[in-house]
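Each chain gets a letter, A, B and so on, in the order its sequence line appears, and its residues count up from 1.
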Amino acid sequence: MRMSQLFLRTLRDDPADAEIDSHKLLVRTGAIRRISSGIYSWLPLGNRVLRNVEQIVREEMDAAGAQEVILPIVQPLELWERTGRDVAYGPQMFKFKDRRETGFALAPTAEEVVTSIVASEYSSYRDLPVNLYQINWKYRDELRPRFGLLRSREFLMKDAYSFHVDVEDLRKTYAAMYEAYERIFARCGLTVRAVEAQAGEIGGDINHEFMAVAPVGEDDFVWCRSCDYAANVEAAVRSALVSPGSSADASIAAPEAVPTPGMGSISDVAAHLGVPENTLLKSIAFDVGGKLALAVVPGDREVNEFAFKRAVAPLAARLYTDEDFARNPAIPKGFIGPDHSEVSIVVADPSVHGGQGWVIGANRVDEHTRNAVPMRDFRIDVVADLVIVASGDSCARCGGELSVDRGIEVGHVFQLGTKYSTALDATYTDDAGAQHPMVMGCYGVGVSRIVAAVVEEHSDENGITWPEGLAPYDVQLMVLAGKGDAGAGVKDAAERLYRDLQAAGVSVLFDDRDASPGVKFADADLLGMPVQIVLGAKGLARGVAERKIRATGERDEIAIDEVVTTLSGR
RNA sequence: CGGGAUGUAGCGCAGUUUGGCAGCGCGCAGCGUUCGGGACGCUGAGGCCCCGGGUUCAAAUCCCGGCAUCCCGACCA
């Protein structure tokens, strides 16, 4: 491609609405342009990158035995009502009506559609398993789109759905998808960690997220420095430890009330009493089955809401809201303690159970209690891991040190079970003639999000450094030609080189613009093709071109008549 | 949905306090000089100053209403 013909305008300044490198650079390099909040056009260079990612995903999915389809983006709302997800997804769906007032939604995902298709086509155990995937646009009306392509309202996603006779068969495909994902992200040049995750709205059981390690990521994940344990922070557990702030002394004095006027926070109380925050207990109120329940953790730690819900399951739990507190003045927010007369269940972290001499809320406004001992001064009904894991905690598996990092979720694999097949009657007949719901898995890759994640990992102060295989072109060829006969000679040589490289199968972006050398160098670094070839008058006189590897900055000279063989590897 | 901010040329911004010809840099077009790290000179094109209403002799600027965008938080696969 000739740059003189390419639809491209690079920007010298960062766009005012971009915060992170990938957003700034993708706009500055003319890869994308915003048309509305969270909605982008893909211009020629960006489109080529997106197609390259798509092709990698396609090759690996095909190799893993999945079959490509295209499912509708416009989906009838009625289908979503059958699984109850019209409500569960709720305002996150773009909804609209046709002229006959029938409700539709733009696809945020496609479990319903694909399940209904498989249900109507397949009905025998002989047909299974089957794994269908598509690479298609998805729509989520995010509350707050941000970070360019990382959280957009329109995004390209690969979604696959597999159907099985039983969980054992599902696990084979799940493992194959997991391995395919590792290859996909490796080929994209991403540093990715697979982490155990909490099941979200999609439902189901076992699932893993693939996190591209990046400080701008929106998700925290925990990983062990000594073993291979890794989990989303919502799902992560640590080994049971006694809080360092608690005393092991068995002869704690009797509990004693202390006035704490207006001190409804851990930090206020700790400062007032002159004790560390981890000698206090934090009691968080939940509504469990209509009754008060408490999650109790050391004062310096945060409650993992998901862990609490797991601990009280199958009962449904939700955090107390301001309305709940207003309705029940006997539960004074800021002064709640586990020794409460109305509490139905006290769930405490093991570190609480193992400690003594805690400062707890007195359940009266402006008052706390010190020297509280578990099982003596307040009861604990359930001991469960409740704290959000932090760096420095110990691994539940091996005792090693846990670390917390941030990541961009670029993939997610789920073992769904029978939630959708039951709701949509996707059943099969077994060899004994009995009917069963199909067992399902689903597997997502954020294709457009990968583009942003790759730029986050592969850029420097001068621009993008595309990994091979993703770059819009393999090579950027620059001609530095002045006026006159010498310049014409350089131009001719560059034209020949451009032609020969293309003939040899090398994809080339040829900067044939009538621009000054500085402009060409700066644009080449910004755009980030892996290899730059510079042909100028001085080099031509000696029969050489200059090669620069964009990512490392290494330069060398290649004889002009060896450029094609060197770059094409032939 | 709470808190904060912004909306002026393709991009980045000044001008709004104190009402008085619509500005600057980059980019774009033409001519000339340059030609190995975002060159220089001259000339020029380009505007619904977010939208609607109001005040005024006069509104980018003041008042009222709306919309959009961004940031922080909450929410979320």
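- For the pair A/L25 CG and B/C11 C1', the interatomic distance rounds to 15 Å; values are reported in whole Å.
- With both pairing distances under 3.5 Å, B/G27 is matched to nothing as a Watson-Crick or G-U wobble pair.
- A straight line from CG of A/D17 to P of B/C72 spans 13 Å, rounded to a whole angstrom.
- Going from the P atom of B/U17 to that of B/A29 covers 38 Å, rounded to whole Å.
- Both distances falling under 3.5 Å, in either a Watson-Crick or a G-U wobble arrangement, place B/G73 opposite B/C1.
- Separation of the C1' atoms belonging to B/G27 and B/A45 is 13 Å when rounded to the nearest angstrom.
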Show me the side-chain donor-acceptor pairs of residues 513-531 of chain A shorter than 3.5 Å, one per line, residues at least two apart or across chains.
| unit_1 | atom_1 | unit_2 | atom_2 | d |
| --- | --- | --- | --- | --- |
| A/R513 | NE | A/D511 | OD1 | 2.9 |
| A/R513 | NH1 | A/D523 | OD2 | 3.2 |
| A/R513 | NH2 | A/D511 | OD2 | 3.0 |
| A/R513 | NH2 | A/D523 | OD2 | 3.0 |
| A/K520 | NZ | A/V479 | O | 2.8 |
| A/K520 | NZ | A/D511 | O | 3.2 |
| A/K520 | NZ | A/R513 | O | 2.7 |
| A/D523 | OD1 | A/T10 | OG1 | 3.0 |
| A/D525 | OD1 | A/Q532 | NE2 | 2.8 |
| A/D525 | OD1 | A/K548 | NZ | 3.1 |
| A/D525 | OD2 | A/K548 | NZ | 3.3 |

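- Annotation: side chain of A/H412 is in contact with side chain of A/N207 (closest heavy-atom distance under 4.5 Å).
- Applying the side chain to side chain donor-acceptor pair (under 3.5 Å) definition to pairs two or more places apart or across chains, those involving residues 445-461 of chain A are A/S22-A/E456, A/T191-A/E457, A/D460-A/R550.
- Distances from the side chain of A/R9 to the nucleotides B/C28, B/C71, B/G12 place B/C28 closest.
- The side-chain hydrogen bond (donor to acceptor under 3.5 Å, both in side chains) with A/H208 is formed by just one residue from the set A/Y443, A/Y178, A/Y174; it is A/Y174.
- The side chain of A/R449 approaches B/A77 more closely than any other nucleotide in the set B/A77, B/U69, B/C28.
- Note on A/Q92: only backbone sugar-phosphate atoms sit closer than 4.0 angstrom, heavy atoms only; bases stay farther off.
- When each of A/I450, A/I184, A/V445 is checked for a side chain to side chain contact (heavy atoms under 4.5 Å, CB included) with A/K158, only A/V445 meets the rule.
- By the side-chain hydrogen bond (donor to acceptor under 3.5 Å, both in side chains) test, A/T422 is found to be paired with no residue, residues two or more places apart in sequence or in another chain being considered.
- In this structure, the CG atom of A/D13 is 13 Å from the P atom of B/A14, given to the nearest Å.
- Ion pair A/D300/A/K282 not flagged as a salt bridge, since none of the NZ, NE, NH1 or NH2 atoms sits closer than 4.0 Å to an Asp/Glu carboxylate oxygen.
- Remark: A/S37 pairs with no residue by the side-chain hydrogen bond (donor to acceptor under 3.5 Å, both in side chains) rule, at least two apart or across chains.
- Look at A/K138 and A/D159 and you find a salt bridge, because one of the NZ, NE, NH1 or NH2 atoms lies within 4.0 Å of a carboxylate O, short of that distance.
- Residue pairs that meet the side chain to side chain donor-acceptor pair (under 3.5 Å) test with at least one member in residues 141-153 of chain A, sequence neighbours left out, are A/D141-A/R153, A/E142-A/R151, A/R151-A/E218.
- For A/E234, there are no side-chain hydrogen bond (donor to acceptor under 3.5 Å, both in side chains) partners two or more places apart in sequence or in a different chain.
- Comparing B/U16 with B/A22, their C1' atoms sit 13 Å apart, to the nearest whole Å.
- By the side-chain hydrogen bond (donor to acceptor under 3.5 Å, both in side chains) test, A/E495 is found to be paired with A/R2, residues two or more places apart in sequence or in another chain being considered.
- Nucleotide B/C67 forms a pair with B/G7, judged by Watson-Crick or G-U wobble geometry with both contacts under 3.5 Å.
- Remark: B/C57 base-pairs with B/G20. Criterion, Watson-Crick or G-U wobble with two distances under 3.5 Å.
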Close N/O contacts between protein and nucleotides 32-43 of chain B (under 3.5 Å):
| unit_1 | atom_1 | unit_2 | atom_2 | d |
| --- | --- | --- | --- | --- |
| B/G36 | N2 | A/E546 | OE1 | 2.6 |
| B/G36 | N2 | A/E546 | OE2 | 3.1 |
| B/G37 | O6 | A/R555 | NH1 | 2.9 |
| B/G37 | O6 | A/R555 | NH2 | 2.9 |
| B/G37 | N1 | A/D525 | OD2 | 3.4 |
| B/G37 | N2 | A/F521 | O | 3.4 |
| B/G37 | N2 | A/D525 | OD2 | 2.3 |
| B/G38 | O4' | A/G518 | O | 3.3 |
| B/G38 | O2' | A/R12 | NH1 | 2.5 |
| B/G38 | O2' | A/R12 | NH2 | 3.2 |
| B/G38 | O6 | A/R28 | NH2 | 3.4 |
| B/G38 | N1 | A/D523 | OD1 | 3.3 |
| B/G38 | N2 | A/D523 | OD1 | 3.3 |
| B/A39 | OP2 | A/S516 | OG | 3.2 |

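- The side chain of A/S37 has B/C70 as its nearest neighbour among B/C72, B/G12, B/C70.
- B/U6 and B/G44 are spaced 32 Å apart, taking the C1' atom of each and rounding to whole Å.
- With rounding to whole Å, A/K24 atom NZ is found 12 Å from B/C71 atom P.
- The distance from atom NE2 of A/H23 to atom P of B/U69 is 13 Å, rounded to the nearest whole Å.
- Counting atom types as modelled, A/R151 pairs a side-chain N or O with a base atom of B/C76 as donor and acceptor under 3.5 Å.
- One interatomic measurement links the two molecules: CZ of A/R34 to P of B/C11, which rounds to 10 Å at whole-angstrom precision.
- Look at the P atom in both B/C71 and B/G38: the space between them is 33 Å, to the nearest Å.
- Side-chain atoms of A/R146 lie closest to B/A74 of the nucleotides B/A77, B/A74, B/G12.
- Taking atom C1' on both nucleotides, B/G66 is separated from B/G7 by 14 Å, rounded to a whole Å.
- A distance of about 23 Å separates the C1' atoms of B/U69 and B/C26, rounded to the whole Å.
- In this model, a side-chain donor or acceptor of A/D219 finds a partner on the base of B/A77 within 3.5 Å.
- In this entry the distance linking CZ of A/R318 with P of B/C76 reads 14 Å, nearest Å.
- Here the C1' atom of nucleotide B/A74 and the CG atom of A/L319 are 12 Å apart, to the nearest Å.
- Using C1' as the reference atom, B/G2 and B/C75 are 12 Å apart when rounded to the nearest Å.
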What pairs of nitrogen or oxygen atoms, one from the protein and one from nucleotides 2-7 of chain B, lie under 3.5 Å apart?
none

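- Heavy-atom nearest nucleotides on RNA chain B were determined for A/E142 and for A/G38, and the one closer to the 5' end corresponds to A/G38.
- Within the shown strands, B/G32 is the pairing partner of B/C40 under the Watson-Crick or G-U definition, both distances less than 3.5 Å.
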